[in-house]
Amino acid sequence: MSIKTNILMLGVTGYIGGSVLSLFLQREDFKTKFNVTALVRSAQKASNLQTLGINTVVGTHSDAQLVEKLAQENEVIFSMADSDYLEAIQALLRGLKNRFESTGKPPILIHTSGTGVLASNGRGYLAKDYKIYDDNNTNQMARISPTQIHRNVDLEIVAADAAGYSKTYIVIPSAIYGIAKTQLTELGVQNPHSVHIPHLIQASLDRGKSVILGDGSSIWPNVSIEDGNTLYINLYDSIMKNPETSHGAEGYYFGENGEYTLSSVAQKIGEALFELGKASSPDPVPLSQSELRKYFNGSTYIGSTSRCHGNRSRSIGWRPIKTTDDFLASIKPEVEALVMSGRKLAPVPWPTYQ
């Protein structure tokens, strides 16, 4: 009888985490090789997850003692919750250090960051100081400013690897798109929608015109929810087959397969709203300062530029399929879903630039 790998997954009720867990559930070896525990806030969602063979603990990431305890009990951690919750990550790392001190074997941490860590603020225009990052370029990655969004958390994780008590890997998804359709969404456990595009849609719906910042020439990378989440599986399998899979300061893995401009997104949103009778014209109209404050807390993050190439990701066998054309085609279904549901999205703490 084989010994199962104990895995802790954080964020499984979210867009990314739920999709990654669903991919694990589809593995033929899931029942024989894995013992998965999920930390969730809702007792009802915990009960639903248990029907799929998932162990659950009801609690929150803000309970540092609980997070530390759970981390200490597991060999592998998938961190797919808040990318900027430093205190939760510090508790997680304390647990991993405790485990290393008791077992002598460094546990594995696969953490989710985001390509906002690469962003330059162009306020809707193509930022003049942007760089095109390569996840295979260790020196370039090391030079990312510690003041960038997500960076303080990422650096704590890399430091844990350098200290030797954990092997750490940081997945950096770009703008993820597509409505997730998984076992977990069917059970009402998982949020099926991303953040970036739905909030642009909601602002456009409220004002009756598609929103744009500047001239919309800012650029971001994109990846579909299906492709993005296979990266986690490719990475996990690579680590299991080859313990020398790049980690720590060399362990960044971009999820990207194409780029889009803000103007192209705004145009697609405008066209969809116009077809649905929710806008008087398909053409985007620039946000005023008061509207920027109303919809995005005054942040110009939606108009930032972030560019990268996931060469290290592809080196471990990741093969994304969907392209920017698929990304742009996904916008209309997102508009239709938001219009039909009439739901209001939860506020987002949009990052600010000095």
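All residue numbers in this chain count up from 1 along the given sequence.
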Exercise. May I ask you to check if Arg27 and Phe24 form a cation-pi contact, with NZ or CZ under 6.0 angstrom from the six-membered ring centre and within 45° of the axis?
Key: yes
Please enumerate all residues that pass side chain to side chain contact (heavy atoms under 4.5 Å, CB included) together with [X], with sequence neighbours excluded.
{"X": "Pro282", "answer": "Gln267, Glu271, Phe274"}
{"X": "Thr51", "answer": "Leu187"}
{"X": "Tyr125", "answer": "Asp215, Ser217"}
{"X": "Ser290", "answer": "Ser288, Arg293"}

For residues [X] and [Y], report the shortest heavy-atom separation together with the two atoms involved.
{"X": "Glu250", "Y": "Ser246", "answer": "O-CB, 3.4 Å"}
{"X": "Ile225", "Y": "Gly178", "answer": "CG2-O, 4.1 Å"}
{"X": "Asp135", "Y": "Gly310", "answer": "OD2-CA, 3.3 Å"}
{"X": "Ser330", "Y": "Tyr177", "answer": "OG-CD1, 3.4 Å"}
{"X": "Ala38", "Y": "Leu49", "answer": "CB-CD1, 4.3 Å"}
{"X": "Ser42", "Y": "Val58", "answer": "O-CG2, 4.4 Å"}

Under the ring pair (Phe, Tyr, Trp, His ring centres under 6.0 Å) test, residues paired with [X] that sit two or more places apart:
{"X": "Trp350", "result": "His199, Phe296"}
{"X": "His150", "result": "none"}
{"X": "Tyr260", "result": "Phe327"}

Just by distance, with hydrogens left out, do [X] and [Y] show a side-chain donor and acceptor under 3.5 Å apart?
{"X": "Glu259", "Y": "Thr324", "value": "no"}
{"X": "Arg151", "Y": "Ser145", "value": "no"}
{"X": "Gln190", "Y": "Thr185", "value": "no"}
{"X": "Arg312", "Y": "Tyr253", "value": "no"}
{"X": "Asn121", "Y": "Ser304", "value": "no"}
{"X": "Arg314", "Y": "Asn234", "value": "no"}
{"X": "His193", "Y": "Glu334", "value": "yes"}
{"X": "Asn55", "Y": "Asn35", "value": "yes"}
{"X": "Asn48", "Y": "Gln44", "value": "yes"}
{"X": "Trp220", "Y": "Ser174", "value": "no"}
{"X": "Thr245", "Y": "Ser238", "value": "yes"}

Can you find a heavy atom in the side chain of [X] that is under 4.5 Å from one in the side chain of [Y]?
{"X": "Gln90", "Y": "Leu86", "value": "yes"}
{"X": "Val265", "Y": "Lys268", "value": "no"}
{"X": "Val335", "Y": "Leu276", "value": "yes"}
{"X": "Val67", "Y": "Ile89", "value": "no"}
{"X": "Gln202", "Y": "Leu205", "value": "no"}
{"X": "Gln72", "Y": "Leu96", "value": "no"}
{"X": "Val285", "Y": "Ile212", "value": "no"}
{"X": "Asn257", "Y": "Lys322", "value": "no"}

Tell me if a side-chain donor or acceptor on [X] pairs with a main-chain N or O of [Y] at a distance below 3.5 Å.
{"X": "Ser306", "Y": "Gly116", "answer": "no"}
{"X": "Asn191", "Y": "Gly14", "answer": "no"}
{"X": "Asn74", "Y": "Val76", "answer": "no"}
{"X": "Thr300", "Y": "Gly303", "answer": "no"}
{"X": "Lys4", "Y": "Lys31", "answer": "yes"}
{"X": "Trp318", "Y": "Asn311", "answer": "no"}
{"X": "Asn137", "Y": "Gln140", "answer": "yes"}
{"X": "Ser204", "Y": "Val211", "answer": "yes"}

Exercise. Name all residues meeting the salt bridge (charged side-chain N to carboxylate O under 4.0 Å, His left out) criterion together with Lys181; count only those two or more places apart in sequence or in a different chain, and write none if there are none.
Key: none
Quiz prompt | With Arg99 via salt bridge (charged side-chain N to carboxylate O under 4.0 Å, His left out) - residues at least two apart | solution = none
Quiz: residues 159-169 side-chain donor-acceptor pairs under 3.5 angstrom, not counting sequence neighbours:
residue : atom : partner : partner atom : Å
Asp161  : OD1  : His247  : ND1          : 3.1
Asp161  : OD2  : Thr168  : N            : 3.0
Asp161  : OD2  : His247  : ND1          : 2.7
Asp161  : OD2  : Gly248  : N            : 3.4
Ser166  : OG   : Pro107  : O            : 3.0
Lys167  : NZ   : Pro243  : O            : 2.9
Thr168  : OG1  : Ile157  : O            : 3.4

Between [atom1] on residue [X] and [atom2] on residue [Y], distance to nearest 0.5 Å:
{"X": "Leu10", "Y": "Ile110", "atom1": "CG", "atom2": "CD1", "answer": "12.0 Å"}
{"X": "Leu25", "Y": "Ser22", "atom1": "CG", "atom2": "OG", "answer": "6.0 Å"}
{"X": "Ser102", "Y": "Asn98", "atom1": "OG", "atom2": "CG", "answer": "7.5 Å"}
{"X": "Glu226", "Y": "Ser19", "atom1": "CD", "atom2": "OG", "answer": "8.0 Å"}
{"X": "Met80", "Y": "Asn229", "atom1": "CE", "atom2": "CG", "answer": "8.5 Å"}
{"X": "Ile149", "Y": "Asp84", "atom1": "CD1", "atom2": "CG", "answer": "5.0 Å"}

Quiz item: Would the number of heavy atoms belonging to other residues, nucleotides or ligands and lying under 6.0 Å from CD of Glu101 be above 12?
Solution: yes
Practice problem: Determine whether more than 12 heavy atoms belonging to other residues, nucleotides or ligands lie under 6.0 Å from atom CZ of Arg343. | Solution: yes
Quiz item: Applying side-chain hydrogen bond (donor to acceptor under 3.5 Å, both in side chains), which residue pairs with at least one partner in residues 104-119 are found, sequence neighbours left out?
Solution: Ser79-His111, Thr112-Tyr232, Ser113-Asp154
Practice problem: Spell out, yes or no, whether Leu235 and Ile77 are grouped together once hydrophobic residues are joined by side-chain heavy atoms under 4.5 Å, including indirect joins. | Solution: no
Exercise. Provide the full list of salt bridge (Lys or Arg N to Asp or Glu O under 4.0 Å) pairs with a residue in residues 58-77, sequence neighbours left out, each pair given once.
Key: Glu68-Arg94, Lys69-Glu73
